There are 2 protein chains.
Amino acid sequence: MARVRLIDVAELAGVSMKTVSNVVHNYPHVAPALREKVQAAIDQLGYRPNLTARRLATGKTGMIALAIPEIDHPYFSELSRHIAEEATRRGYRVIIEQTLSDPVVERAVLSDREAGLVDGVIFHPVRMESLDIAKLDPGTPLVLLGEAAMPVMTDHVMIDNVSAALDATRHLVARGCRRIAFLGVIAADITGSTNQRLLGYQQGLLEAGVPLDPELVFTASEFTAEAGLRSVAEAIERGVRFDGVVCRDDRFAIGALKALHDSGRSVPADVSVVGWDNTFLAAYTSPTLTSVAPQKTAIAAAAFDLLEERIAGYRGVGRHMIVGHSLEVRESAPLAP
Amino acid sequence: MARVRLIDVAELAGVSMKTVSNVVHNYPHVAPALREKVQAAIDQLGYRPNLTARRLATGKTGMIALAIPEIDHPYFSELSRHIAEEATRRGYRVIIEQTLSDPVVERAVLSDREAGLVDGVIFHPVRMESLDIAKLDPGTPLVLLGEAAMPVMTDHVMIDNVSAALDATRHLVARGCRRIAFLGVIAADITGSTNQRLLGYQQGLLEAGVPLDPELVFTASEFTAEAGLRSVAEAIERGVRFDGVVCRDDRFAIGALKALHDSGRSVPADVSVVGWDNTFLAAYTSPTLTSVAPQKTAIAAAAFDLLEERIAGYRGVGRHMIVGHSLEVRESAPLAP
DNA sequence: AAACATCTTTCCAGCGCTGTACATTGACGG
DNA sequence: CCGTCAATGTACAGCGCTGGAAAGATGTTT
């Protein structure tokens, strides 16, 4: 069980360590005969390079950290998958840090007491603000996701939330909806994302000549389907009339569907519903859910593009990449007839 | 931006590297005055220990790998969360490996060409069999999850699938169901888990004196809600009568709910449905889903218990831990009146 | 055949940190 | 006042690997 080292292989093959290293790395200028002999020694001993030592010597870890609020939130688990696959494609391993949206943990992600663990960090902040991030930025290559924070010097990937919310609203308007609600403002804590989506929603209404009605902005107590359900149920109870809902995310939309169903309203006949994130949930609700679909694959690819440039040494000002989105139309708000 | 090293701190503080190291590690026997001086130097320079170097020196990585089929499958994303939290609690970081149920990738997880990356591996195999695993076991501490494989020498954590399936079936029997179907056999590929669940289902029927009817074992083409939907829809079309379904997992159950809804059947009035895994989906279907609930927290804790013993040097025969489960009763199969 | 170019292989100094062995100091009992 | 012991601090040899310089081997050109 004693670990086999490079030098053991070298001795068995009767060559220098470096030659063995060259074989392991497929360095081109190794004579075929030698290469074979060395390979035989490697196989015979079952040699595996020690990654830690390699890292210390090269200064590269081949790992990146992905810091997200919750690994089991459908949007983030799907995003993680894309990031993981892109990482594999590019030869990185991923270590996952769950922040639980806790500002303390988020801060720890950046100001971590250790270094040399990863080559870079992809971070989807929720609570930290631009200033915080700018202050703590430890110099490790960093790419931010989402809309919560976008410090000037840091790279950043997001979709155009305003225009996506506008698309969603237009879609409902085109279906003939005139009393369109927005579900997802969290009392006393409007995040950047929500704000932008709300903006797009309002633009959509203006554009359609529909007056804004504050009563139609439904606030929820927290980011859960349950809270979305309660919010919509209460609105119904208050007697608020509406024929469409743009939801801040799919979870809220699921809550909304349930509340509407419970109150005997039919979706989409009485009320059309649009979700956000196009998580796989959307395909399995009844009715299935029309949802704003960020291009997750593109987000992953863009994040890595930026990150790898940083890793390669880019030190300039932050680049802000806008990734595409679409509206995935399903039963809860089908195309206008 | 040049990295600050231990020796830089040592020079500034006018002490040896080792003393600085002792301060960093809170080694007790350091005179308070010195400790303060060193700490000041650390703060002044913004020193962060280089983890890679530390690892090379100590031989411990403080990381474990979690190898699962799909990170965005609800069961696995929830499990990952528990593993991640348990890891944090115990001072480990987690690197996630997605096998995509690909036998080649699964094999790579074990026979990985590199070493020294992690202290241990928690692995939920799908395709690899016990023999495979036994052969490839590289000596890295390893704990297996699930029922697919359980080589004699390897530690293993699972729930009692037979008894859980029995519980689910009994629950349906108690509701008065007599034509109970089982959904989730994958054609030409009965996995260990499915097999055990099927067994428990059959035991439940026997116990209730209900004859087994092969027609009631619904096979699906793959592990997706869509496939579950098709399987149930076809059964309905064929004229198969049934008043209960035990599903191999929540995804199939979601498909089943949809198929039943589409065919105009009411759940649970006409057909009762039980899912498996108790993923958060179960709480948001309509009707909500009764589901077998493995104790995921306990699984994570048990896996780490075993793994840490292995890491600490245990070399004995494999321990096989059975973790508890329960039946989370919701609307799709409420308690018998 | 000398001079040079090109390909192979070896040598060895680190990468940054920790464990071990050893040196120093001061306190204290006899 | 010295020897002893415990508490502190230091020196330095690795951990296993890679990069770059330099040496050696082979082939080419004139």
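FYI, side chains are in, hydrogens and waters are out, and symmetry mates aren't considered; it's all heavy atoms of this structure. The chains referred to below are lettered A, B, ... by the order of the sequence lines, with proteins before strands, and numbering in each begins at 1. Since we're looking at a predicted model, the values are computed, not measured.
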Requested in this report: Using a 4.0 Å heavy-atom cut-off across all strands, classify Thr58(B) as base, sugar-phosphate, or nothing.
Outcome: sugar-phosphate
Query raised in the report: Using a cut-off of 4.0 Å on non-hydrogen atoms, how would the nucleic acid contact of Thr19(B) be classed: base, sugar-phosphate, or nothing?
Result: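 Result for Thr19(B) = base.
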Nearest-angstrom distance from the residue atom [atom1] of [X] to [atom2] of [N]:
X	N	atom1	atom2	result
Arg48(B)	dC15(C)	CZ	C1'	19 Å
Leu117(A)	dG16(C)	CG	C1'	15 Å
Asp8(A)	dG16(D)	CG	P	9 Å
Asn22(A)	dG16(D)	CG	C1'	16 Å
Arg5(B)	dT18(C)	CZ	P	14 Å
Ile42(B)	dC17(C)	CD1	P	11 Å
Arg55(B)	dC17(D)	CZ	P	16 Å
Asn50(B)	dG14(C)	CG	C1'	14 Å

Query raised in the report: Would you say Tyr47(A) reaches dC17(D)'s phosphate, i.e. side-chain N/O to OP1/OP2 under 4.0 Å?
Result: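 Checking Tyr47(A) against dC17(D): at least one side-chain N or O falls below 4.0 Å of OP1 or OP2.
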Nearest to the [X] side chain among [options], which nucleotide is it?
X	options	result
His25(A)	dC17(C), dT10(D), dT18(D)	dT18(D)
Leu6(A)	dT18(D), dA11(D), dC17(C)	dT18(D)
Ser16(B)	dC17(D), dA11(D), dG16(C)	dA11(D)
Lys18(B)	dG16(C), dA11(D), dG16(D)	dA11(D)
Arg54(B)	dG16(D), dC17(C), dT9(C)	dC17(C)

So, are [X] and [Y] salt-bridged, with charged N and O less than 4.0 Å apart?
X	Y	value
Arg107(A)	Asp132(A)	yes
Asp305(A)	Arg90(A)	yes
Glu86(A)	Arg89(A)	yes

Query raised in the report: Of Ala57(B) and Val30(B), whose closest DNA chain D nucleotide lies nearer the 5' terminus?
Result: Val30(B)
Query raised in the report: Do Thr19(B) and Ser16(B) meet the criterion of a side-chain donor-acceptor pair at a distance under 3.5 Å?
Result: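 Looking only at side-chain atoms, Ser16(B) and Thr19(B) do form a donor-acceptor pair, the distance falling under 3.5 Å.
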Query raised in the report: In terms of the angle between their ring planes, are His124(B) and Phe76(B) parallel, tilted or perpendicular, with boundaries placed at 30° and 60°?
Result: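 Ring orientation of His124(B) relative to Phe76(B): perpendicular.
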